[in-house]
Every structure is written in structure tokens, then in C-alpha cells.
Q: 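After the C-alpha cells below, expect a handful of questions from me.
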Amino acid sequence: MSIIEPNSLLSVPTGPLRISKFPPSSAYRVRNNVLFSLVIPTYKERDNVQKIVETLSKLLDESIPWDYELIIVDDDSPDRTWEVAQSLIPEYPQLRVMRRQGERGLSSAVVRGWQAAEGKILGVIDGDLQHPPQVLLQLLRAVEEGADLAVASRHVDGGGVSSWSFVRRFLSRGAQILGLMFLPHVLGRVSDPMSGYFLLKRDSIVEANLNPVGYKILLEVLGRGNIDEIAEVGYVFSERLEGESKVTWRHYVDYLHHLLRLRLTTGHLGRFRQKLNFPIVRFLRFGAVGFSGLFVDLAVFHILRQIIGLGLTRSTILSAEVAIINNFLWNDVWTFRDISRWQKGGKARFRRFLKFNVICLTGVILQALIVNLLFNVLGVNQYIAKLIAIAFVVLWNFWVNLKLSWRITDVNK
Ligand code: GDD
Ligand code: MN
């Protein structure tokens, strides 16, 4: 058996982002579970990490000595934040450090940290000292007194932002209002749904399938957790002294994406979709790709006929094939991205392409059969017949491609 150094890095949990009811057993720990596990996500926080560990340790040593752990989850920062953090372990024995190399992103970092956590109460705080540490004790008390979730909020008594520009305030509030319209049952429950500073009971998110994008992990917890009682504590979001914020325009896009995903998978709509058991989002993407193919087809057809002067049949076949290639590529990198990602390599992709091609061609034949049946046998108007046939064939193409070309059973992890 290998002996694990007490100062070694935590191993990074893999698989789905789900928190188990019982903490992971860690062979090298003598003591058992702690009450409270606080995750500190970091990316390029080299100059902040010592200060935050020192402040939090002092605070928690006074109130719950030995009954907590600090878990730094660093996304392999180029400034080697994880290394600085690791060097602090001898001085702060409650500190644990995870260096994540495969995945990236604030929200998933927090979940990975919680997955490695031993506490009955889980929490998160920024690593740049913009979240005042003292508030932690109030949050902790709120959970100990029965709240499932305790959120540090800028929008209740005692809360605020120190000196944000008008633009930043506007964007922050705008994002919140948009979220409220989209997901009232999630964002409406707290005054500051954008907060990245909160604590919750492990039990309230046990076994939930978390699937966060971007920065707003609290939305995910509210949307998918099992949370009744919520407490809020005011705090002032202070200025950064060291390092810089990692927020870019990309995070606003991620935020919209996250809202949409939660909208489609939680609440009434989510339950309805579960019953329906049809991959609606995938199908819509497939439809959009098909629509793009129509324009590719027409454009290539035009070029071949008018500019190159090719015959009608050849132009038709060639332009259709180009459209099929177009559709295949988009479907491979977008519609079925999650599946093709697991079937890497040119050969596997080419095989998918061949199957896609054959399925699309059978679709064309099927379409001709349906149009004939509707028009010649049932006397349906020819355009309506064509529309019905197209609708049917799109469904056929989608379904058969899902089952044969991008087959989940082929996935080799
Ligand atoms: N592991 C990891 N991976 N950590 C990250 C990443 C990442 O990709 N991106 C950012 N962090 C860490 C930062 O190092 C910092 O400790 C914390 O997450 C917050 O990142 P900032 O870039 O400083 O965010 P902010 O100050 O603009 O926003 C904060 O305040 C908001 C209040 O509205 C965040 O806490 C938000 O979550 C919070 O909503
Ligand atoms: Mn910050």
C-alpha cells in the first residue's frame, strides 16, 4: 500500500457532478467527519491565498476548532496558486488543496470541492477577500439553527457593494431581472441570487444531478436542491486588493445558457419533459442544422447551375451532398457534441458520416414514397403532402441518426 503524504494534494473527483450522502472516506485522515467544509475556488489568486487561509483559519479556530476544513480548488493556475496553497498545509492542518487539470470553471470547481468534502454543512467563499470573512459565522449559525441554505446577500440590510461603476450595477441588476422573468421559482427565492458566498446542508443537495455552467452555482443549488428554509445575511462586497476579476463577456453568455438549461430541466416544464422522455433540445438543434442545410443546398445549386453550368441532375445531387456534409459537421460538433466527444478520431467520425449519409438518402426515398401515397392515393394537395413528408422525414432522420450514427452505446470512456 502506498503511503499518502499528509501534505499531498486531494485527488480530483470524476464522473457526474453529484454530492453523495456520505462523505468520501479518506484513508490518510485519522479524524472522522467534520461539521463544516468550506470550498475556496481559486484561479490566479497567488497573492490572496495566504491571507484568506490565515483569516478564515483564525476565525474558525476560535468558533469551531478542529471541526472544519478549508478546501482550495484551484484550476491549475498558471501562477501556481495551488503550490502556494499546498505550502501552507503544515501551518494550517485544516487546509486541503485540490489542483484540477482536466476541467475548468468556477461552478464545477465548487462542486468538485464539495464532492471531496467531509462536512455536514458545505459552503463556498471567493478566494480574493471580496467576501468579508466575519459574515461566515453568521451564516454558519443560521444553518445550525435550522436553515437549509444561508446566503450572504448584497441586497438586504447591512448589504451593498463598495464602489461599483454604474455599468457594473446595471449589468448585475439587469441579469437578475432577466433571471427573475425566466425562472421566478428559482431566482425569486433570494434577494441576491448572484451571490457566490453561501452555506448549505449537505442533505439538501444530496443526489441532485448538478449541471452548472459558468459562475452562478447558487442558481443550480436553488434550482435542483431540496431547499425549504433559507436565511440571508447582509454583506458588503469589498474591493479587490490583489489580482483581478476573471469575469468576461463570456460569463454573461454562460449565464443565459445556464438560465435556459434550468428553465428546461426544472419546475413544471422539467417534470413534463421527463414524462415525455424526448430529447427536445437535441431535436431543435437538429432542426436548426437541417434548416441551414437548405440554404447551403440552394446556394451550391445556384453556383453549379449558373456559374459552372453543370447539368440539372448533377447539380441537384452535388448540392444535396454538400448540404449533407454541412449538416453532418454541425450535428457532430453541436447537436451530438456530448456523444461524438467520446468517439474521437478521424475513423470514428468518418463512420458516423457514412451512416448519416445513408440515413439521409433513405430519408429522401421515404419522402418520395410518402408524397406519392398522400397525393396519388389519398388525394392530398401536393404541397401539403410534401410538407407532411418533410416533417415525417426530419423526425425519421433525427431518430435513426440518434440510434445509429451517434449511438450512446458506442461510447468508450
Ligand atoms: N477554480 C476556479 N476556476 N476558480 C475560479 C474560476 C475558475 O475558472 N474563475 C474564478 N474563480 C475564483 C476566483 O479566483 C475567485 O476566488 C472567485 O472564483 C470569484 O471570481 P472573481 O473573478 O473574483 O469574481 P467576481 O469578483 O467578479 O464575482 C464574485 O462576486 C459575485 C457577486 O455578485 C463571484 O463570487 C461571484 O460568484 C459572485 O456572484
Ligand atoms: Mn472577485
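Whatever order the structure lists ligands and atoms in, that order sets their numbers, starting from 1.
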Q: Should R240 and E45 count as an ion pair when the cut-off is N to O under 4.0 Å?
A: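 Here R240 pairs with E45 in a salt bridge, since their nearest N and O are under 4.0 Å apart.
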Q: So, for F392 and W399, is the gap between ring centers shorter than 6.0 Å?
A: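 When the ring centroids of F392 and W399 are compared, they turn out to be at least 6.0 Å apart.
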Q: Among protein heavy atoms, which sits nearest to atom 12 (C) of ligand 1, and what does the distance come to when rounded to 0.1 Å?
A: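 Scanning the protein heavy atoms, the shortest distance from atom 12 (C) of ligand 1 goes to P41 O, 3.5 Å.
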Q: Taking everything shown except W396 itself, do over 12 heavy atoms lie less than 6.0 Å from its CH2?
A: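 At most 12 heavy atoms, drawn from other residues, nucleotides or ligands, come within 6.0 Å of this atom.
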Q: Report the nearest protein non-hydrogen atom to atom 3 (N) of ligand 1: residue, atom name, distance rounded to 0.1 Å.
A: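 That would be D75 OD2, 2.7 Å.
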Q: F198 pairs by side chain to side chain contact (heavy atoms under 4.5 Å, CB included) with which of I217, V190, L139, L222?
A: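 Testing each of I217, V190, L139, L222 against F198, the sole residue satisfying side chain to side chain contact (heavy atoms under 4.5 Å, CB included) is I217.
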Q: Between R100 and D76 (side chain of the first, backbone of the second, donor and acceptor by atom type, cut-off under 3.5 Å), is there such a pair?
A: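 Checked: no pair found.
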Q: Just wondering, do E54 and E91 contact through their side chains at under 4.5 Å, heavy atoms?
A: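 Counting from C-beta outward, E91 and E54 never come under 4.5 Å.
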Q: At less than 4.0 angstrom from any non-hydrogen atom of V73, what atoms of ligand 1 do you find?
A: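 Answer for ligand 1: 1 (N).
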Q: Which atoms of ligand 1 are found less than 4.0 Å from any heavy atom of G127?
A: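 What qualifies from ligand 1 is 15 (C), 16 (O).
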Q: Is S245 close to ligand 1, meaning an N/O of one under 3.5 Å from an N/O of the other?
A: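 Looking only at distances, the answer is yes, because the N/O contact criterion of under 3.5 Å is met.
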Q: Below 4.0 Å from any atom of ligand 1, is there a heavy atom belonging to R154?
A: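 R154: in contact with ligand 1 (<4.0 Å).
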Q: Would you say ligand 1 has an N or O under 3.5 Å from any N or O of A109?
A: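 No, since none of the N or O atoms of A109 sits under 3.5 Å from an N or O of ligand 1.
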Q: What's the verdict on ring-ring contact (aromatic ring centres under 6.0 Å, His included) for W406 and F328, showing C-alpha distance, side-chain angles and the deciding distance?
A: CA-CA 11 Å; W406 286 274; F328 172 77; 5.6 Å; yes
Q: Thinking salt bridges, do K201 and D228 make one under a 4.0 Å N-O criterion?
A: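 Result for this pair is no, no salt bridge flagged.
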Q: Should M98 be listed as contacting ligand 1, given a heavy-atom distance under 4.0 Å as the test?
A: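 Checking ligand 1 against M98, which is what was asked, there is no heavy-atom contact under 4.0 Å.
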Q: Could you tell me the residue and atom name of the protein heavy atom closest to atom 13 (C) of ligand 1, and the distance to it rounded to 0.1 Å?
A: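 For atom 13 (C) of ligand 1, the nearest protein heavy atom comes out as E45 OE2, 3.2 Å.
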Q: Of the side chain and backbone of S195, name the one, both, or neither that has a heavy atom under 4.0 Å from an atom of ligand 1.
A: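 Looking at S195 and ligand 1, just backbone atoms fall under 4.0 Å.
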Q: Using a heavy-atom cut-off of under 4.0 Å, does the side chain or the backbone of R168 touch ligand 1, or both, or neither?
A: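 The answer is the side chain.
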Q: Considering only non-hydrogen protein atoms, determine which one is nearest to atom 29 (C) of ligand 1 and report residue, atom name and distance to 0.1 Å.
A: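 So the nearest neighbour among protein heavy atoms is D126 OD2, 3.1 Å.
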Q: Give me the one residue out of V97, L88, L60, I125 that meets side chain to side chain contact (heavy atoms under 4.5 Å, CB included) with L70.
A: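 That would be L60; it is the only one of V97, L88, L60, I125 passing the side chain to side chain contact (heavy atoms under 4.5 Å, CB included) with L70.
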Q: Quick one: look at F237 and ligand 1, take heavy-atom pairs under 4.0 Å, and tell me if it's side chain, backbone, both or neither.
A: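 Side chain only; the backbone of F237 stays clear of ligand 1.
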Q: For atom 6 (C) of ligand 1, which protein heavy atom lies nearest, and how many Å away is it?
A: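 It is Y43 CB, 3.7 Å.
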Q: Quick test of your reading of the structure: of M194, E244, R99, whose heavy atom lies closest to atom 39 (O) of ligand 1?
A: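 Nearest heavy atom to atom 39 (O) of ligand 1 lies in M194.
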Q: For H258 and S107, which I'm curious about, is there any donor-acceptor pair between the side chains at under 3.5 Å?
A: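 Short answer, no.
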Q: What class does the angle between the rings of F295 and F291 fall in, given that below 30° is parallel, 30 to 60° is tilted and above 60° is perpendicular?
A: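 Perpendicular: the ring planes of F295 and F291 meet at over 60°.
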Q: Tell me whether ligand 1 is touched by R100 - counting only heavy atoms on the residue side and a distance under 4.0 Å.
A: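 The answer is no, since R100 has no heavy atom less than 4.0 Å from ligand 1.
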Q: For atom 10 (C) of ligand 1, what is the closest protein heavy atom, and at what distance to 0.1 Å?
A: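 Heavy-atom neighbour on the protein nearest atom 10 (C) of ligand 1: Y215 OH, 3.1 Å.
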Q: Among side-chain atoms of E232 and H155, is any donor-acceptor pair under 3.5 angstrom?
A: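 No, because no side-chain N or O of E232 sits under 3.5 Å from a partner of the opposite role on H155.
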Q: Please report which non-hydrogen protein atom sits nearest to atom 26 (O) of ligand 1, along with the residue it belongs to and the distance in Å to one decimal place.
A: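 Closest protein heavy atom to atom 26 (O) of ligand 1: Q130 OE1, 2.8 Å.
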Q: Where does the angle between the aromatic ring planes of Y197 and H131 fall among parallel (under 30°), tilted (30 to 60°) and perpendicular (over 60°)?
A: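 Parallel.
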Q: Can you report which non-hydrogen protein atom sits closest to atom 2 (C) of ligand 1, along with the distance?
A: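 The answer is T42 O, 3.3 Å.
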Q: May I ask whether K216 places a heavy atom under 4.0 Å from ligand 1?
A: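 Flag set, K216 near ligand 1.
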Q: For atom 7 (C) of ligand 1, which of L219, L106, D74 has the closest heavy atom?
A: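 That would be L106.
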Q: Check ligand 1 against H131 and write out every atom of the ligand that is under 4.0 Å from a heavy-atom position of the residue.
A: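 In order of number, 35 (O).
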Q: Between the side chains of Q115 and R112, is a donor N or O closer than 3.5 angstrom to an acceptor N or O?
A: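 R112 and Q115 do have a side-chain donor-acceptor pair below 3.5 Å.
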Q: With only distance considered, is R240 within less than 3.5 Å of ligand 1 through an N or O on each side?
A: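 Yes, R240 has an N/O under 3.5 Å of an N/O on ligand 1.
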Q: Is any protein N, O or S atom closer than 2.8 Å to the Mn ion (ligand 2), and if so, which?
A: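 Hits for the Mn ion (ligand 2) below 2.8 Å: D128 OD2, Q130 OE1.
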Q: With a 4.5 Å limit on heavy-atom distance, are the side chains of L402 and F283 in contact?
A: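 No; the side chains remain at least 4.5 Å from each other.
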Q: Decide yes or no on side chain to side chain donor-acceptor pair (under 3.5 Å) for D192 and Q176, but give the supporting numbers first.
A: CA-CA 8 Å; D192 191 358; Q176 189 179 352; 5.9 Å; no
Q: Do K386 and Q367 have side-chain heavy atoms sitting under 4.5 Å apart?
A: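 Yes - at least one pair of side-chain heavy atoms lies under 4.5 Å apart.
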